[in-house]
Amino acid sequence: MTYRIAVIPGDGIGHEVVPEALKVVQAAGVDLDTEDFDLGGARYLRDGLVLDDDTLDRWRSFDALLLGAVGTPDVPPGVIERGLLLRMRFELDLYINQRPFTYRPAEGDGHDFVVIRENTEGTYAGEGGFLRKGTPHEIATQGSVNTRFGVERCLRYAFALAASRPRKHLTLVHKTNVLTFAGDLWQRTFSEVAAEFPDVTTDYHHVDAACIYFVTSPERYDVIVTDNLFGDILTDLGGAVSGGIGFASSGNLNPDRTGPSMFEPVHGSAPDIAGQNKANPIAAILSAALMLDFLGEPEAAQRVRAACDAVGERSGSTTDIGDAVVAALTD
Ligand code: ATP
């Protein structure tokens with residue numbers, strides 16, 4: 001079986017880490033037919049293109065998308081984020097953002113948990129606007145959109161994932177004591193969907209408490225489900241307590257498979273180290289492992305993860321670390 005993958009190396013270290021991820025997938029014995037798409041900050045600065053309708057339509061026929069990192073310091077904030085990343089999520093209906101965090105220190109037990117972040121609604125839906133912009137009386141509003149449909153499908157995915165894991169434990173993270181409307185919808189829907197998954201034990205944490213637990217006792221978590229904004233922030237913290245940004249992987253999933261899903265490391269284009277063969281490619285390689293899982297190649301995905309574990313936190317150049325993972329795979 002050969003999988004058709006749309007590759008968006010993007011900007012900065014994206015161009016360095018993506019080839020390592022592809023190299024490791026090939027070494028794991030999975031055939032990919034790849035096509036590169038030149039998008040991101042550099043492309044925008046060159047000819048003003050962020051994402052055209054034709055490209056978006058062409059992506060629908062691929063099995064998956066693999067993205068390195070997009071963004072350059074010269075592009076105003078929001079242009080690439082909204083025009084490329086958020087547009088991809090909305091138009092390809094990538095309603096789940098799945099970010100696994102595994103940490104096995106030399107001493108102690110470490111942790112192994114997954115954050116499921118709702119990826120198409122909340123404060124990122126683009127609801128709001130300006131009134132009297134640029135005047136002393138200007139007003140900016142940014143609403144949080146939470147639909148029963150969007151919340152329920154996200155919770156259902158999180159419960160099913162928790163049910164498939166040995167600990168079968170799911171924690172809802174929100175701020176229900178202050179965000180009483182959105183929080184109420186999340187909490188009620190959580191309780192209702194829980195009734196369909198009697199094997200899954202459940203818990204609830206306020207997001208501020210979860211930040212403390214991520215640092216003091218992350219081993220308490222198995223699967224966490226949360227909204228778009230809390231998920232964005234919590235997963236950066238998750239990366240920080242799990243070996244650092246160089247190890248954090250993610251999948252933007254369309255679980256209904258009405259189109260391709262997109263896989264990308266959590267880190268950005270890191271302009272400070274770009275072009276120096278210094279970036280850690282493990283986050284991109286682990287993102288490719290998530291892609292293999294989703295394509296129906298769980299055995300190859302597991303082998304790639306084990307090879308990354310074997311390489312551990314070794315320092316070295318981007319290509320050296322990629323080579324070490326390939327060597328560990330074929331050992
Ligand atoms: P963005 O807004 O796109 O996330 P950013 O500048 O906030 O961009 P990053 O690009 O992820 O965030 O960079 C943050 C810091 O982490 C930088 O110092 C960068 O060098 C470092 N960094 C990011 N990714 C890696 C990596 N794969 N290996 C090593 N260092 C990295």
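As the structure is a prediction and not an experimental result, all values here were calculated from the model. Note that ligands are numbered from 1 as they come in the structure, with each ligand's atoms numbered from 1 the same way.
Here the heavy atom of the protein found nearest to atom 8 (O) of ligand 1 is G268 CA, 4.0 Å. With hydrogens left out, the protein atom closest to atom 10 (O) of ligand 1 is A270 N, 2.8 Å, a heavy atom. Atom 26 (C) of ligand 1 has as its closest protein heavy atom N280 N, 3.6 Å. Protein heavy atom in closest approach to atom 25 (C) of ligand 1: I13 CD1, 3.9 Å. What sits closest to atom 16 (O) of ligand 1 on the protein, heavy atoms only, is I245 CG2, 3.9 Å. Of the protein's heavy atoms, D272 OD2, 4.9 Å lies nearest to atom 15 (C) of ligand 1. The protein heavy-atom contact nearest to atom 30 (N) of ligand 1 is I273 CD1, 3.6 Å.
Atom numbering of ligand 1 starts at 1 in the shown order; those under 4.0 Å from a heavy atom of A279 are 28 (N).
By the 30° and 60° cut-offs, the orientation of the rings of F159 relative to F197 is parallel. Relative orientation of the Y204 and H206 rings is perpendicular, given thresholds of 30° and 60° on the angle between their planes. In this pair, Y213 and Y221 present their aromatic rings tilted. The plane angle is within the 30 to 60° band.
Electrostatic pairing of D53 and R58 does not count as a salt bridge here, judged by no charged N lying under 4.0 Å from a carboxylate O.
Closer than 4.0 Å to atom 5 (P) of ligand 1 lies none of the heavy atoms of the protein. By the definition of a contact as any protein heavy atom under 4.0 Å away, atom 19 (C) of ligand 1 is in contact.
Within the 4.0 Å heavy-atom shell around ligand 1 one finds S269. Note on ligand 1: A283 sits outside its first shell, no heavy atom being nearer than 4.0 Å.
Here the two rings, on Y157 and Y95, have centers that are 6.0 Å apart or farther.
Because its NZ or CZ atom is both nearer than 6.0 Å to the ring centre of F294 and within 45° of the ring axis, R257 counts as a cation-pi partner of that residue.
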(request) Take Y3 and F62 through the test ring-ring contact (aromatic ring centres under 6.0 Å, His included) and record every step on the way to the result. (result) CA-CA 8 Å; Y3 300 99; F62 282 82; over 10 Å; no
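Around atom CG of D31, more than 12 heavy atoms belonging to other residues, nucleotides or ligands sit under 6.0 Å away.
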